[in-house]
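See structure below.
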Amino acid sequence: MIKAIKGTRDILPPASAVWNRVEAVAREVFRTFNYHEIRTPIFEETSLFARGVGEDTDIVGKEMYTWEDRDGTSITLRPENTASVMRAYIEHRLDQIPGVKKFYYIGPMFRRERPQKGRYRQFFQIGAEAIGSDSPIVDAEVIEMVVEILKGCGLKPVPEKDGFHLIINSVGCPKCRPEFMNALREKLATLAPQMCADCQRRAVTNPLRVLDCKVPEDQVHIDTLPSILDHLCEECHGHFKIVQSHLHGRGIAYEVRPRLVRGLDYYMRTTFEITHGALGAQNSVLGGGRYDGLAESLDSKVPAPGIGFSIGEDRLVLSVEAMSASEESNTVDVYLAPMGDAADALAGTLAAELRSAGISVERSVDRKLKRALEVANKMGARFALILGDNEIAAGTYLLKDMAAGEQESLTRDQLIARIRKNS
RNA sequence: GCGGCUGUAGCUCAGCUGGUAGUAGCGCCAGAUUGUGAUUCUGGAUGUCAUGGGUUCAAAUCCCAUCAGCCGCCCCA
């Protein structure tokens, strides 16, 4: 049997309805913030991601789907979408659009990682980018927007149990971060030998990751490490304070966590992340941050400061499902049960009429009424519409309310009104 | 890429220390006379016991490998 390849999966009904709902909520929130959809190709030249995301990141080093095209070009399935959006921005001179340029996207990304719950090789992201301003007010608004999406999906903004938790930080800029990194390395040189094996390795390969260590014994040491917030330059410090004051102004709860580090090279200043309790080890639903230097690293002649986020849609759907165990199962309004040739002929036009009135209809192809009602019941249809020789002779329609078990004989004119009445 | 656990009907599983699968539950299909579902009764279908090797007279059951899923690590949404 041919099966879906490792790390990919089919999204079947009724779960697909949750996906649609989540996407509909996101699109509506984007609309109210005046973000517009951008669709970029699913694969790009490898160098785009290598330069955008960072040569030394794990994503580029070992997690991309890359192959050589027939003409020798190295092609990669997009592992994330920010670099592509920025490429499109530069290529089409979108900087010419007045004001802050606001885009959103929904689509699949690809990463060759070991699959587990909430982590797939083809995964979906809902994301947005605001390009063209380095104002901290934009940062706050982007965060506000993402919080609105989660709330719209039914998640609660409280850290406990089924709520979500917003964490923010500033990772500084090319001016002040090197200073912090030096301080961190210096301290780690003496401290690392007392820490776990992973940290000893990280101290050399990726010092920022030490801050994220989860080993309990290491926490005392981590607490003595320098904080990025103490090393921010004046501009970065001011930027971060304004972001926070605007979040306060919008009544958005958050936690400042200096240890929040991001894996992608292009982030600077504001970074943020939201976690959700229902997710286990992969508890991060979304992440984002500012990337003021990205455009230049992609050869843009004009600066294009920006900030964006991406929601792990697979994980958001998991959270939403965990919240609302039994969502209202969307089912057909009317299950049409024709009996006999005359009824079969009439059923087609009747179904079409109901559908054009916005009523969902499925017609039975089973001649037995008993069977038709059985199926209607199992599908959870709201009504069964019985149509046989008796009805045709009398010019009436027998409408049965499946939940109540009652049925009434109606004229064609009464039908639609009656079906709509208790919807 | 690394480590741990798991893999029996569509789903949830039983199958003890090897003798070649279960009247199991749910679901599905059919019937209990001719146009009425949800309860009930009766009957039925479905598995190369994940795949490939090995040990054995004999393996779903032991061993190895592969694949897939889950959990964790790395990293990250």
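Every value quoted in this text rests on a predicted model; they were computed, and no experiment measured them. We use all heavy atoms of the structure for the numbers below, so side chains are in, but hydrogens, waters and symmetry mates are not. Labels below follow one simple rule: chain letters A, B, ... track the order of the sequence lines, proteins then strands, and each chain is numbered from 1.
- Between the CD atom of A:Glu63 and the P atom of B:rC75 there is a distance of 10 Å, given to the nearest Å.
- Residues passing the salt bridge (Lys or Arg N to Asp or Glu O under 4.0 Å) test with A:Arg121, sequence neighbours excluded: none.
- Within 6.0 Å of atom CZ in A:Arg39, 12 or fewer heavy atoms from other residues, nucleotides or ligands are found, so the atom counts as exposed in its surroundings.
- At the heavy-atom level, A:Glu406 lies nowhere under 4.0 Å from the strands shown.
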Please tabulate the protein-to-nucleotide N/O contacts below 3.5 Å involving nucleotides 67-70 of chain B, giving atom names and distances.
{"from": "B:rA68", "atom 1": "OP2", "to": "A:Lys6", "atom 2": "NZ", "distance (Å)": "2.9"}
{"from": "B:rG69", "atom 1": "OP1", "to": "A:Gly7", "atom 2": "N", "distance (Å)": "3.2"}

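- For B:rC26 and B:rC70, the P atoms lie 29 Å apart once the distance is rounded to whole Å.
- For the residue pair A:Thr73 / A:Glu45, no side-chain donor-acceptor distance below 3.5 Å is found, with atom types taken as modelled.
- In this structure, A:Lys187 and A:Pro226 have side chains that are in contact, with non-hydrogen atoms separated by less than 4.5 Å.
- Straight-line distance between the C1' atoms of B:rC28 and B:rG69: roughly 26 Å, to the nearest whole Å.
- Heavy atoms of A:Ile311 sit nowhere under 4.0 angstrom from any nucleic acid atom.
- Here B:rC2 presents its C1' atom at 14 Å from CD of A:Glu113, a figure rounded to the nearest Å.
- The closest side-chain heavy-atom distance from A:Leu385 to A:Leu415 is below 4.5 Å.
- Rounded to the nearest Å, the gap between the P atom of B:rC49 and that of B:rC5 is 24 Å.
- More than 12 heavy atoms of other shown residues, nucleotides or ligands fall within 6.0 angstrom of atom CZ in A:Arg9.
- Nucleotides of RNA chain B nearest to A:Met402 and A:Glu273 differ in position, and the one nearer the 5' end is that of A:Met402.
- A heavy atom closer than 4.0 Å to some atom of RNA chain B occurs in A:Lys368, A:Leu369, A:Arg371, A:Leu373, A:Glu374, A:Asn377, A:Lys378, these being the qualifying members of residues 367-381 of chain A.
- Contact check for A:Pro108 versus A:Arg78: side-chain heavy atoms found under the 4.5 Å cut-off.
- Residue contacts for A:Leu398: at a heavy-atom cut-off of 4.0 Å it reaches a base atom on one of the strands shown.
- In this structure, the side chain to side chain contact (heavy atoms under 4.5 Å, CB included) partners of A:Arg177, at least two apart in sequence or on a different chain, are A:Val171, A:Met181, A:Met268.
- Within the 4.5 Å cutoff, side-chain heavy atoms of A:Pro79 are placed close to those of A:Phe49.
- Between the C1' atoms of B:rU23 and B:rU42, the separation comes to 13 Å (whole Å).
- Per the geometry, CG belonging to A:Asp389 stands 11 Å off P belonging to B:rG35, to the nearest Å.
- A:Arg112 comes within 4.0 angstrom of sugar-phosphate atoms only, judged by non-hydrogen atoms across all strands, and of no base.
- Both A:Gln125 and A:Gly405 sit near RNA chain B, but only A:Gly405 has its closest nucleotide nearer the 5' end.
- Ion pairing between A:Lys368 and A:Glu374 fails under the 4.0 Å rule for side-chain N and carboxylate O.
- Spacing between B:rG7 and B:rC64 at atom P, rounded to whole Å, works out to 15 Å.
- Spacing of C1' atoms, B:rG47 relative to B:rA24, comes out at 15 Å, to the nearest Å.
- Here the side chains of A:Leu191 and A:Val210 are not in contact, with every heavy-atom distance at 4.5 Å or above.
- Among the atoms of the strands shown, none is found under 4.0 Å from any heavy atom of A:Asp314.
- More than 12 heavy atoms of other residues, nucleotides or ligands lie within 6.0 Å of CD in A:Glu408, so this atom counts as buried by the packing criterion.
- Only the P atoms considered, B:rA9 is 15 Å distant from B:rG52, to the nearest whole Å.
- The two residues A:Ser364 and A:Pro338 have their closest heavy-atom pair at O-CD, 3.8 Å.
- No side-chain heavy atom of A:Tyr335 sits less than 4.5 Å from a side-chain heavy atom of A:Met402.
- Distance CG (A:Asp366) to C1' (B:rC28): 14 Å, rounded to an integer number of Å.
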Checklist entry - What one-letter contact string describes nucleotides 39-44 of chain B from 5' to 3', where B marks a base within less than 4.0 Å of any protein heavy atom, S marks contact via sugar-phosphate atoms alone, and - marks no contact? => result ------
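- Residues A:Leu354 and A:Ile416 have side chains in contact (heavy-atom distance under 4.5 Å, counting atoms from C-beta outward).
- To the nearest whole angstrom, the two P atoms, one in B:rA59 and one in B:rA21, are 12 Å apart.
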Next on the checklist: What does the 5'-to-3' dot-bracket notation of RNA chain B look like when only Watson-Crick and G-U wobble pairs under 3.5 Å count, and pairs to other strands show as |?
Outcome noted: (((((((..((((........).))).(((((.......))))).....(((((.......))))))))))))....
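- Across the protein-nucleic acid pair, A:Gln407 atom CD and B:rA38 atom P stand 14 Å apart, rounded to whole Å.
- Look at OH on A:Tyr335: it is 14 Å from C1' on B:rU36, rounded to the nearest Å.
- At least one side-chain heavy atom of A:Ser84 sits less than 4.5 Å from a side-chain heavy atom of A:Leu48.
- Between the CZ atom of A:Arg78 and the P atom of B:rA77 there is a distance of 16 Å, rounded to whole Å.
- Atom C1' of nucleotide B:rA38 and atom CZ of A:Phe383 are separated by 17 Å, given to the nearest angstrom.
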